[in-house]
Asker: 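Structure provided below as structure tokens; questions to follow.
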Amino acid sequence: MAYKLGIIGTNWITKQFVQAAHESGQYVLKAVYSRHEDTGKQFAQPFNVDDVYTDLETFYNSGINVVYIASPNSVHFEQVKAAISHDIHVIVEKTAFSNPTEYAAILELLHDHPNVRLFEAARHIQQPNFKVIEQQVAQMEKISGATFVYEKYSSRFDDYLAGNEPNVLSRRFSAGALTDLGVYPIYAAIKLFGAPKQSRYFATPLRNGADGRGIAILRYDDFDVTIEFGKGSNSHLPSEILGRRDTLVIGDIAEVLDVTYYDNEGAAHRLSQEPLENPMIDEAVKFADMMTNPVDTAEAYQELLALSKTVNQVLFDLRQDAGIVFPADK
Ligand SMILES: NC(=O)c1ccc[n+]([C@@H]2O[C@H](COP(=O)([O-])OP(=O)(O)OC[C@H]3O[C@@H](n4cnc5c(N)ncnc54)[C@H](OP(=O)(O)O)[C@@H]3O)[C@@H](O)[C@H]2O)c1
């Protein structure tokens, strides 16, 4: 039986998720929430969906059993809280919550709604090529360090340069380079190496105090992971994980493309497969499995939730280090 899907946020990413969800065969879009009826109808129409809501309570009472939330980060908390209270499964876009205080409140609520599953949509770690990276890292004799780069000029940066404050570059929406792009390599690092024992963040602030780019360093027992990300320029550098003499090179840490292992002799072995055209299908399938088989997947689900919570804490620690405060922190 397919999950009855509701969506919040009507930007391109939601369309991509709905297409992935439909392609997975596990979900059917049933209801659309938008702040504006016209926008909601415009989104719903190509999917032949009539149920469009501008009231969150009515939306959550419409019979959906899973919601995908892709609103600005700062809005996630209240929308997720309401969904869990209605016993609706939640797939919330990264970054799920603004800070550990919000996360703790959500975990407490989940405790009272044990059948509800909460997923942070960090799509890249659900892709087969990420598994390939994990397997190769496990086989490497020694990790000496890693450098992850994810720096892409954002279409919204034009808006910023024109003197405006787009949501994605605004602290008001718990946004900026760290929570928008840095979260991908940070997720990757924590999934591969666990929680760092220390973290530093050297942020380059925009005129509004949000971070436009930055360099984060995650310190582990005997190596560091350096992470560079930004929204106002394009980097074409790959990411790499250094062994002793061997190296794992990842063409794109967020799309998880072009994974190549250079062995001790320097010979290259291409490990990656061609990813699916829609990068959200893998997560849609994984989340559906965890909702359908809660007992068999209990351990994997708890691990995923713990990972998401650790990422949230590290993002917060990094912001603290750089002195970046979100209104949601107060
Ligand atoms: N996984 C990925 O690859 C990926 C890619 C892009 C974004 N994301 C994540 O998706 C989320 C949305 O990002 P985005 O760039 O699409 O954000 P956005 O354009 O600022 O907003 C997304 C949607 O949220 C609603 N919205 C806008 N401003 C709002 C406000 N002030 N209060 C409440 N709702 C508001 C709008 O829908 P209505 O007008 O219909 O209400 C809008 O379409 C973020 O968490 C982001 O990190 C993930």
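Read the numbers this way: they start at 1 and go in the same order the structure lists the ligands and their atoms. For the single chain, residues carry numbers from 1 onward in sequence order.
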Asker: Should the ring pair Tyr220 and Phe223 be called parallel, tilted or perpendicular, given that the plane angle runs from 0 to 90° and is split at 30 and 60?
Answerer: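 It falls in the parallel class, under 30°.
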Asker: Sequence neighbours excluded and cut-off under 3.5 Å, please list the side-chain donor-acceptor pairs for residues 30-37, or say none.
Answerer:
unit_1 : atom_1 : unit_2 : atom_2 : d
Ser34  : OG     : His36  : N      : 3.1
Ser34  : OG     : His36  : O      : 3.0
Glu37  : OE2    : Lys41  : NZ     : 3.2

Asker: Could you list the residues that satisfy ring-ring contact (aromatic ring centres under 6.0 Å, His included) with His76, not counting sequence neighbours?
Answerer: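 Partners of His76 under the ring-ring contact (aromatic ring centres under 6.0 Å, His included) test: none.
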Asker: Is the Tyr150-Tyr184 ring centre distance short of 6.0 angstrom?
Answerer: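 Yes, ring centres under 6.0 Å apart.
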Asker: Who are the residue neighbours of ligand 1 when the rule is a heavy atom under 4.0 Å from any of its atoms?
Answerer: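 Within the 4.0 Å shell of ligand 1, which is judged on heavy atoms, sit Gly9, Thr10, Asn11, Trp12, Ile13, Ser34, Arg35, Thr39, Ala70, Ser71, Pro72, Asn73, Val75, His76, Glu93, Lys94, Arg123, Arg156, Asn167, Phe173, Asp180, Tyr184.
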Asker: Here's one to test your reading of the geometry: is the NZ or CZ of Arg213 within 45 degrees of the ring axis of Phe229 and under 6.0 Å from its centre?
Answerer: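 No - Arg213 does not lie over the ring of Phe229 by the 6.0 Å and 45° rule.
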Asker: Which residues pass the side-chain contact (heavy atoms from CB on, under 4.5 Å) test with Pro238, not counting sequence neighbours?
Answerer: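 With sequence neighbours excluded, Pro238 shows a side-chain contact (heavy atoms from CB on, under 4.5 Å) to Val249, given in chain and number order.
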